[in-house]
There are 2 protein chains.
Amino acid sequence: MNSSRQPADATGPVPATAPRGAAFLLAQIGAHAAGRFAERVAHLGLTPADVGLLRMVAGQPGRSQRALAEDLGVVPSRVVKLIDVLEGKGLVERRRSEEDRRNYELHLTAEGRSTLGAVSRAAAAHEDALLAALDSEQRGHLLGLLQRIAAEQDLTPGVHPGYRARG
Amino acid sequence: MNSSRQPADATGPVPATAPRGAAFLLAQIGAHAAGRFAERVAHLGLTPADVGLLRMVAGQPGRSQRALAEDLGVVPSRVVKLIDVLEGKGLVERRRSEEDRRNYELHLTAEGRSTLGAVSRAAAAHEDALLAALDSEQRGHLLGLLQRIAAEQDLTPGVHPGYRARG
DNA sequence: TATTGTTATACTCTATAACTATA
DNA sequence: TATAGTTATAGAGTATAACAATA
């Protein structure tokens, strides 16, 4: 409103306000991407956390809940509830280990594999929509740059930091 | 352990498990970046949300809490508590509007401007650490690609989606 | 005595709705 | 009657710690 009048508290130059660097854009676009992906898998009754866990069980069947907790960087009691959900939907199966009956071995069910296929299709559509501004060459270039950053920052492939406590 | 033995449930080819696309990397690196930035401003007693709000007040002094809530996409009652924190630290000031005494006009204090300077230095160090894998030319290229995506996805400059409810 | 998984509890964050004051 | 801000309450999500079964 008073664009022509100097505000009374402008005692000095106002600092740059809107962050313009790549770090902020990565955080902003990353959160946006996570939100859009969540929308795309919601109709499957899954959260992004569920999807990540489903993928890990698919990739390394037979692992224990404690091992999964270790990989994700979360407390074991959280894995209990995450697996409860997936088991309740019939996507994952707990099998008592024969070698050490304290453990469960986690496996995908047939329906779990089918659901994971639907997730993959949703992920592909998501990728395409998110990168709509870029042509094929630019997408490849972006992927390469992101892979370098992820490797240098020691990010575990496939593990989203969102599993860990906020921060 | 049993890498030579076929698991009993391998009834078919295991689906691709670790997401390898740019969309996932953006979400993963973005969450990582947000976490590292949170660590860097923690010694100032600020969360990333506090920083974002501080920047908005600096950029557009005199706005009302309701206007801020609108910009951030959050409910007004949340802005109350966010501003309570910043006011309690002496960084932001509530001034009753003379024109409409229902409103507050929000302004930075001198200490708020000083703190924002410290935030900018932290942000610069953060940017440099996050992009350590890239040389100057690559950083410029990345920035350009990210800016295209952000514009096409209609992301408000400077507003992190993390303010809004999870999703 | 140590370890896997579970349950119970508390804490944090956020939205919803009721309320005060100004208009 | 409508609007800016506040407060009170409830809900979701997560970690912490105590617990049972197995080793």
Interatomic distance where [atom1] belongs to [X] and [atom2] belongs to [N] [whole Å]:
{"X": "B:E99", "N": "C:dT22", "atom1": "CD", "atom2": "P", "result": "17 Å"}
{"X": "A:L72", "N": "D:dT14", "atom1": "CG", "atom2": "P", "result": "12 Å"}
{"X": "B:E98", "N": "C:dT22", "atom1": "CD", "atom2": "P", "result": "13 Å"}

[X]: partners by salt bridge (charged side-chain N to carboxylate O under 4.0 Å, His left out), with sequence neighbours left out:
{"X": "B:D71", "value": "B:R63"}
{"X": "A:E87", "value": "A:R94"}
{"X": "A:E93", "value": "A:R95"}

| query | Any side-chain N or O of A:R101 under 4.0 Å from OP1/OP2 of D:dT22? | reply |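 Checking A:R101 against D:dT22: no side-chain N or O falls below 4.0 Å of OP1 or OP2.
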| request: Starting from A:L134, walk the hydrophobic network (Ile, Leu, Val, Met, Phe, Trp, Tyr; side-chain heavy atoms closer than 4.5 Å) and list everyone else you reach, by chain and number. | output: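 Taking Ile, Leu, Val, Met, Phe, Trp and Tyr as members, A:L134 shares its hydrophobic cluster with A:L25, A:L26, A:I29, A:L130, A:L131, A:L142, A:L143, A:L145, A:L146, A:I149, A:L155, B:L25, B:L26, B:I29, B:L130, B:L131, B:L134, B:L142, B:L143, B:L145, B:L146, B:I149, B:L155.
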| task | Sugar-phosphate atoms are those with a prime plus P, OP1 and OP2; base atoms are the rest. Using that split, label each nucleotide of nucleotides 5-10 of chain C B, S or - for protein heavy atoms under 4.0 Å, 5' to 3'. | result | BBB---
| said: Under a 4.0 Å threshold between the charged nitrogen and the carboxylate oxygen, would B:R139 count as salt-bridged to B:D128? | reply: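 Between B:R139 and B:D128 there is a salt bridge, with a charged N closer than 4.0 Å to a carboxylate O.
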| said: The criterion is side-chain hydrogen bond (donor to acceptor under 3.5 Å, both in side chains); which residues satisfy it with B:S64, sequence neighbours excluded? | reply: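 Testing B:S64 for side-chain hydrogen bond (donor to acceptor under 3.5 Å, both in side chains), a comparison that skips the adjacent residues, returns none.
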